[in-house]
Amino acid sequence: MYEGRRVLVTVVACCALAAGGGPALAAAGGAAGAGARGASCGPTPDPAGSAGRVVDVGDGRGIRLECRGSGSPTVVLVSGTGGAADEWTSVADPARPTAAPKPGAGAVLPAVASFTRVCAYDRPGTTRFDGGPASSTPVAQPTTAAAGVRDLRAALAAGGERPPYVLVGASWGAMIAELFARTDFPRVAGLVTVDGASPYLRDTLTAAQWSDWMRKIAATDTGKGAEVPDYEASVAEIRRAPALPRPLPAVVLTSDRPWDLGVGNSGSTWPAWLAAQDRLARGLHARHVTETGSGHGIAVERPRLVTDAVRDVAERARDGG
């Protein structure tokens with residue numbers, strides 16, 4: 001289980017969702033603090049060999065978008081807290097659980113590109129696995145799911161990436177994906193959540209655990225631009241949004257190697273995470289995959305599993321759901 005790299009703010013105590021981009025890939029144990037990946041100080045050039053480009057989203061801002069492949073629907077990969085697009089182009093080495101994932105042909109993005117169009121992007125304040133800040137223009141933090149949706153819509157439009165979209169959200173990214181689907185339903189063809197966070201955590205965690213988690217996340221805001229999700233505001237945004245008018249093709253992938261948020265004094269948060277995953281799957285009428293052989297960073301630990309889920313949803317979307 002990958003245990004290093006970013007800080008999932010969601011899994012703050014676990015290793016920060018930074019990891020896979022979000023996944024705090026830290027899946028299970030580890031205590032990297034929320035600034036583990038470092039603050040984003042400003043746009044930097046794309047890594048050598050990268051297919052990414054920075055698109056103009058207005059107001060003097062740019063967002064790095066990386067797209068490959070051809071076909072429809074367009075798959076959109078949304079990383080977890082602090083995670084850049086390389087969460088989807090990298091693979092963890094099980095023999096070196098503390099080492100940063102490395103680029104690989106078996107990673108999610110290149111694999112999905114073999115059967116349809118696929119895009120990943122760097123949200124403001126995210127960090128690459130090599131420690132460098134993402135190429136997107138920094139913004140004030142904390143941020144919300146609604147802000148994430150606005151940026152994603154703007155980036156896809158500026159990049160000329162056409163719907164319908166299959167949205168794939170890891171951890172914090174799942175909340176952005178869900179809100180996008182609720183508020184732009186006609187352009188969304190399917191959903192995949194990768195150990196995704198959801199508003200249900202507000203109910204399944206104890207009051208003490210939730211409050212402690214929110215305090216820990218707030219403490220990660222150093223004022224230097226690193227991504228810090230505002231979960232309280234984002235839960236409210238999603239709950240105010242219209243419900244999906246009908247079920248979409250959907251898959252919920254859930255980690256099965258226990259990890260913990262490390263908050264509150266009422267025991268492990270693992271049962272609450274699993275309960276929220278169950279509720280998310282029922283709410284989306286999704287196929288729920290619970291035997292993943294992975295910690296929180298499923299995208300880099302088990303990329304083929306994610307690719308297969310995306311293929312399933314894409315094929316069902318092509319067949320009309």
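Note that the coordinates shown come from a computational prediction; the quantities given were computed from them, not determined experimentally. Each residue takes its place number in the sequence, starting with 1.
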Qualifying residue for side-chain contact (heavy atoms from CB on, under 4.5 Å) with [X], from [options]:
{"X": "Trp88", "options": "Val300, Val168, Val75", "value": "Val168"}
{"X": "Val76", "options": "Val166, Ile176, Val188, Leu152", "value": "Leu152"}
{"X": "Arg123", "options": "Val139, Val78, Ile63", "value": "Val78"}

Is a side-chain N or O of [X] found less than 3.5 angstrom from the main chain of [Y], in a donor-acceptor match?
{"X": "Thr116", "Y": "Pro73", "result": "yes"}
{"X": "Glu66", "Y": "Tyr121", "result": "no"}
{"X": "Gln141", "Y": "Val228", "result": "yes"}
{"X": "Thr269", "Y": "Leu261", "result": "yes"}
{"X": "Ser198", "Y": "Tyr200", "result": "yes"}
{"X": "Arg182", "Y": "Ile238", "result": "yes"}
{"X": "Glu161", "Y": "Leu156", "result": "no"}
{"X": "Thr254", "Y": "Thr290", "result": "no"}
{"X": "Asp256", "Y": "Thr292", "result": "yes"}
{"X": "Lys216", "Y": "Ser211", "result": "no"}

Minimum-distance pair of heavy atoms, taken over all atoms of [X] and [Y]:
{"X": "Pro249", "Y": "Val313", "answer": "O-CG1, 3.6 Å"}
{"X": "Arg64", "Y": "Ala85", "answer": "NH1-CB, 3.6 Å"}
{"X": "Leu284", "Y": "Pro247", "answer": "O-CB, 4.5 Å"}
{"X": "Glu178", "Y": "Pro199", "answer": "OE1-CD, 3.8 Å"}
{"X": "Ala155", "Y": "Leu65", "answer": "O-CD2, 3.7 Å"}
{"X": "Gly196", "Y": "Ala174", "answer": "CA-CB, 3.5 Å"}

Plane angle bin for His296 and Trp259 - parallel if under 30°, tilted between 30 and 60°, otherwise perpendicular: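 Tilted: the ring planes of Trp259 and His296 meet at 30° to 60°.
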
Trace of the side chain to side chain contact (heavy atoms under 4.5 Å, CB included) decision for Arg287 with Asp312: CA-CA 10 Å; Arg287 180 167 68 89; Asp312 172 36; 3.2 Å; yes

Worked check of side-chain hydrogen bond (donor to acceptor under 3.5 Å, both in side chains) between Ser268 and Asp260: CA-CA 6 Å; Ser268 172; Asp260 199 89; 2.6 Å; yes

Common cluster, Leu109/Val91, ILVMFWY with side-chain heavy-atom separation under 4.5 Å: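 No, it is not one cluster - the side chains of Leu109 and Val91 are not joined through contacts under 4.5 Å.
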
Same apolar cluster: Val310 and Leu305, side chain cutoff 4.5 Å: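 Shared cluster, yes.
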
Derivation of the side-chain hydrogen bond (donor to acceptor under 3.5 Å, both in side chains) call for Ser255 and Asp195: CA-CA 6 Å; Ser255 57; Asp195 218 27; 2.9 Å; yes

Check whether any side-chain heavy atom of [X] sits under 4.5 Å from a side-chain heavy atom of [Y], and report yes or no.
{"X": "Lys102", "Y": "Asp93", "result": "no"}
{"X": "Leu167", "Y": "Val192", "result": "no"}
{"X": "Asp212", "Y": "Arg215", "result": "yes"}
{"X": "Pro164", "Y": "Ser72", "result": "yes"}
{"X": "Leu253", "Y": "Val306", "result": "yes"}
{"X": "Thr193", "Y": "Leu280", "result": "yes"}

Derivation of the side chain to side chain contact (heavy atoms under 4.5 Å, CB included) call for Arg68 and Thr89: CA-CA 11 Å; Arg68 304 183 198 176; Thr89 59; 3.9 Å; yes

[X]: which residues meet the side chain to side chain donor-acceptor pair (under 3.5 Å) condition with it, sequence neighbours left out?
{"X": "Thr143", "value": "none"}
{"X": "Arg61", "value": "Asp151"}
{"X": "Arg162", "value": "none"}
{"X": "Asp184", "value": "Arg153, Arg187"}

Asn265 atom CG, over 12 foreign heavy atoms within 6.0 Å: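 No, not enclosed.
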
Roughly how far, to the nearest 0.5 Å, is the [atom2] atom of [Y] from the [atom1] atom of [X]?
{"X": "Arg257", "Y": "Trp270", "atom1": "CZ", "atom2": "CH2", "value": "10.5 Å"}
{"X": "Ser136", "Y": "Glu227", "atom1": "OG", "atom2": "CD", "value": "10.5 Å"}
{"X": "Arg311", "Y": "Arg304", "atom1": "CZ", "atom2": "CZ", "value": "9.0 Å"}
{"X": "Leu191", "Y": "Phe180", "atom1": "CG", "atom2": "CZ", "value": "10.5 Å"}
{"X": "Arg246", "Y": "Phe185", "atom1": "CZ", "atom2": "CZ", "value": "4.0 Å"}

Any residue meeting salt bridge (Lys or Arg N to Asp or Glu O under 4.0 Å) with Asp56, in chain and number order, not counting sequence neighbours: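 Expected list: none.
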
Non-neighbouring partners of Asp221 that pass salt bridge (Lys or Arg N to Asp or Glu O under 4.0 Å), sequence neighbours left out: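 Partners of Asp221 under the salt bridge (Lys or Arg N to Asp or Glu O under 4.0 Å) test: none.
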
Evaluation steps, side chain to side chain contact (heavy atoms under 4.5 Å, CB included), between Met175 and Leu201: CA-CA 11 Å; Met175 294 186 67; Leu201 286 166; over 6 Å; no

Intermediate values then yes/no, salt bridge (charged side-chain N to carboxylate O under 4.0 Å, His left out), Arg279 and Asp203: CA-CA 10 Å; Arg279 291 182 62 178; Asp203 303 320; 3.7 Å; yes

Centroid-centroid distance, Trp213 to Trp210, less than 6.0 Å: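 Yes, ring centres under 6.0 Å apart.
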
Audit row: Trp172, Ser79, side chain to side chain contact (heavy atoms under 4.5 Å, CB included) steps and yes/no: CA-CA 7 Å; Trp172 159 246; Ser79 301; over 6 Å; no

Between Asp230 and Thr144: side-chain donor-acceptor atoms closer than 3.5 Å: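 No, no side-chain donor-acceptor pair sits under 3.5 Å.
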
